[in-house]
Number of protein chains: 2
Amino acid sequence: MTCILQMTVLLKQNIAKHISLSANETQQFCALFEQKLIPKKSFLLREGEICKFEGFVTKGLFRVYHIDKNGFEQILYFAIENWWITDIDSFTAETPSQLFIEALEDSEVLLISKKDKEFAYANLPQIEKLFRVMTQKTHVALQRRMIDNLSKTAESRYIEFTEKYPQLLQRLSNIQIGAYLGITNVFLSNIRKKIAVKK
Amino acid sequence: MTCILQMTVLLKQNIAKHISLSANETQQFCALFEQKLIPKKSFLLREGEICKFEGFVTKGLFRVYHIDKNGFEQILYFAIENWWITDIDSFTAETPSQLFIEALEDSEVLLISKKDKEFAYANLPQIEKLFRVMTQKTHVALQRRMIDNLSKTAESRYIEFTEKYPQLLQRLSNIQIGAYLGITNVFLSNIRKKIAVKK
DNA sequence: TTTATTTATTAAACTAGTTTAATGTTTTGA
DNA sequence: TCAAAACATTAAACTAGTTTAATAAATAAA
């Protein structure tokens with residue numbers, strides 16, 4: 001387990017990537033987080049629960065996914081070190097979540113509660129900007145993914161995934177990658193074979 | 001053409017749906033918008049341009065879409081009265097847009113420039129919250145659409161579209177609806193026939 | 001009002017991706 | 001370290017959705 005001071009270094013760096021925030025405000029904001037260890041295969045959130053946190057991953061790997069009425073899983077996103085995780089819908093509206101958040105590796109996160117986040121919005125004016133900017137960036141990325149899913153074949157989506165997230169590729173099974181791309185692992189096997197033959 | 005005072009009523013109502021803002025601040029913010037008429041089939045934004053505005057639709061209908069390298073169109077969203085339109089990526093990063101925004105009917109929008117929006121962020125503290133909250137809601141909606149596209153057949157996506165946006169259905173061609181759902185208009189015809197037979 | 005253009009429908013051949021199932025491989029856990 | 005479970009691969013039959021093309025219907029333009 002990493003020491004909490006060391007972990008907030010990552011968080012502070014991440015904040016600085018989005019906005020410029022005084023050392024004092026940064027310190028006050030980071031003090032609102034608490035560390036939690038999530039062992040592999042355990043859940044930070046399950047469908048039906050109300051999401052009480054917003055999290056920043058400092059170690060490990062999570063998947064955020066939905067299970068449809070036929071029992072198939074769709075992965076909304078993966079989160080490794082330096083990524084944020086939450087069910088933004090359940091967190092803000094305080095409604096039961098339709099998502100699962102599961103650790104795929106032994107993981108560590110910094111969590112902030114809804115109450116403390118509201119405290120930050122009320123008392124640290126720049127925090128509102130931080131989350132506006134971050135949500136915008138996340139939204140732009142999802143818009144691009146939406147367009148890709150509407151227009152590209154599974155093969156080119158897979159190739160682009162391998163180019164965009166090479167570090168994730170090593171850490172994920174084909175089943176997980178398929179659930180992100182929207183295809184079965186069987187078809188992903190075919191794609192991989194086809195690509196291998198080409199080379 | 002509607003009078004500008006009348007149009008800002010819609011804008012004020014829309015703001016009030018997201019946050020509570022004093023009459024004074026509402027007034028100051030709304031004064032930053034200017035009205036523009038966009039005739040049917042003309043463009044508010046074209047690929048390659050830098051998006052200089054954020055817009056609020058007070059009349060008419062727009063589509064925000066991308067054209068892929070094979071010349072096919074993917075519709076990111078439609079916007080009718082009370083919807084906001086922009087290319088958030090191009091607007092914030094000031095990079096060339098990959099999107100087109102086209103009026104499908106004679107339309108009216110209230111536009112705010114980047115400079116005036118930054119003025120609002122700097123001087124009207126609640127405006128930061130307004131756009132954080134709106135971006136969050138938009139993002140939640142896109143997350144749901146993403147999951148639907150990963151898990152549901154075109155037929156059920158079409159049925160859900162007709163249930164969710166009955167007022168849009170009347171105003172759009174099958175070609176537009178198909179480009180939103182990610183299917184060809186030929187296949188959409190098949191779906192419509194199949195549904196009609198069922199009834 | 002007539003003509004040109006866009007849109008919707010249908011059919012038929014095709015392709016991308018699924019399903020089921022069998023087999024071998026890797027990982028996990030007691 | 002051994003057995004069980006999870007994962008990856010392959011094949012074969014199948015289905016959802018595309019492509020091309022022809023025809024009819026609706027809309028727009030002159």
Side-chain angles (χ1 to χ4, degrees), chain A residues 39-42 60-61 63 65 67-75 78 102-106 148-162 168-199, chain B residues 39-42 60-61 63 65 67-75 78 102-106 148-162 168-199:
Chain A
K40 182 169 178 173
K41 290 192 183 172
S42 57
L61 168 58
R63 61 175 182 140
Y65 66 102
I67 300 186
D68 68 28
K69 61 176 202 289
N70 302 314
F72 293 100
E73 300 177 355
Q74 297 86 41
I75 293 182
F78 299 105
E102 181 193 6
L104 293 176
E105 300 173 359
D106 288 334
D148 284 353
N149 265 270
L150 290 176
S151 60
K152 292 178 181 165
T153 63
E155 180 176 343
S156 83
R157 266 144 52 212
Y158 174 69
I159 292 170
E160 283 164 28
F161 182 85
T162 63
L168 267 182
L169 208 62
Q170 331 281 326
R171 295 160 78 177
L172 293 171
S173 69
N174 282 0
I175 294 171
Q176 305 303 339
I177 297 171
Y180 179 88
L181 297 174
I183 56 174
T184 62
N185 56 331
V186 175
F187 191 55
L188 183 50
S189 256
N190 292 338
I191 290 172
R192 284 156 62 88
K193 190 186 179 185
K194 194 175 157 195
I195 293 171
V197 168
K198 273 187 189 166
K199 284 185 182 163
Chain B
K40 183 171 179 170
K41 289 190 183 175
S42 56
L61 167 59
R63 63 176 181 139
Y65 66 103
I67 300 186
D68 68 27
K69 61 177 203 289
N70 301 315
F72 293 101
E73 299 177 357
Q74 297 85 41
I75 293 182
F78 299 105
E102 182 193 6
L104 294 176
E105 301 173 357
D106 289 334
D148 283 353
N149 265 270
L150 290 176
S151 61
K152 292 177 181 166
T153 63
E155 180 176 342
S156 82
R157 268 145 51 214
Y158 174 68
I159 292 170
E160 283 165 26
F161 182 85
T162 62
L168 268 181
L169 209 62
Q170 331 280 326
R171 295 159 78 175
L172 293 170
S173 69
N174 282 359
I175 293 172
Q176 306 302 340
I177 296 171
Y180 179 88
L181 298 175
I183 56 175
T184 61
N185 56 331
V186 175
F187 191 54
L188 183 50
S189 255
N190 291 338
I191 290 172
R192 283 157 61 89
K193 190 185 179 185
K194 194 177 157 195
I195 292 171
V197 168
K198 272 187 192 166
K199 283 183 185 164

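Per chain, numbering begins at 1; letters A, B, ... match sequence-line order. From a predicted model like this one, the values you see are computed outputs, not experimental measurements.
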**Fill in**
Heavy-atom nearest pair, A:Phe78 first then A:Gln176, reads CZ-O, 3.6 Å
**Complete:** Residue pair B:Asn185/A:Thr153 against DNA chain C: nearer the 5' end by closest nucleotide is B:Asn185
**Request:** Given side-chain contact (heavy atoms from CB on, under 4.5 Å), test B:Leu172 with B:Phe161 step by step and report yes or no.
**Result:** CA-CA 12 Å; B:Leu172 293 170; B:Phe161 182 85; 4.1 Å; yes
**Request:** Name the nucleic acid region contacted by B:Ser189, choosing base, sugar-phosphate or nothing; use a 4.0 angstrom heavy-atom cut-off, strictly under.
**Result:** base
**Item:** Backbone of B:Phe72 reached by a side-chain donor or acceptor of B:Asn70 within 3.5 Å
**Value:** no
**Message:** With rounding to the nearest 0.5 angstrom, report the OH to CG distance, B:Tyr158 to B:Asn190.
**Reply:** 12.5 Å
**Item:** Nearest heavy-atom neighbours spanning A:Ile183 and A:Ala154
**Value:** CG2-CB, 3.5 Å
**Message:** Tell me if a side-chain donor or acceptor on A:Asp148 pairs with a main-chain N or O of A:Lys152 at a distance below 3.5 Å.
**Reply:** no
**Asked** Between B:Ala154 and A:Val186, which has a closest nucleotide on DNA chain D that is more 5'?
**Response** A:Val186
**Prompt:** Hey, what do you get for CG (B:Asn149) to CD (A:Gln74), rounding to the nearest 0.5 Å?
**Reply:** 11.0 Å
**Closest non-hydrogen atom pair, B:Ala103 against B:Pro39** = CB-O, 3.7 Å
**Request:** Compute the bend angle of the helix from C:dT1-D:dA30 to C:dA30-D:dT1 from the end axes (five pairs per end), rounded to 10°.
**Result:** 60°
**Message:** Using whole Å, what does the distance between atom P of nucleotide C:dT10 and atom CG of B:Asn190 come to?
**Reply:** 8 Å
**Message:** Using 0.5 Å steps for rounding, measure from the CD atom of B:Glu102 to the CG atom of B:Leu61.
**Reply:** 9.5 Å
**Item:** 4.5 Å side-chain heavy-atom contact, B:Arg63 and B:Tyr180
**Value:** no
**Request:** Name the nucleic acid region contacted by A:Lys40, choosing base, sugar-phosphate or nothing; use a 4.0 angstrom heavy-atom cut-off, strictly under.
**Result:** sugar-phosphate
**Message:** Tell me the interatomic distance from B:Ile191, atom CD1, to C:dT9, atom P, rounded to whole angstroms.
**Reply:** 12 Å
**Item:** For DNA chain D, the residues among residues 169-178 of chain A that have a non-hydrogen atom under 4.0 Å from it
**Value:** A:Ser173, A:Asn174, A:Ile175
**Complete:** Outermost contacting nts on DNA chain D, any atom under 4.0 Å from chain B heavy atoms, listed 5' then 3', are D:dG17 to D:dA28
**Asked** To the nearest angstrom, how far is B:Tyr158 atom OH from C:dA8 atom P?
**Response** 10 Å
**Request:** For the pair B:Ile195 and B:Thr162, evaluate side-chain contact (heavy atoms from CB on, under 4.5 Å) and give the outcome as yes or no after the intermediate values.
**Result:** CA-CA 12 Å; B:Ile195 292 171; B:Thr162 62; over 6 Å; no
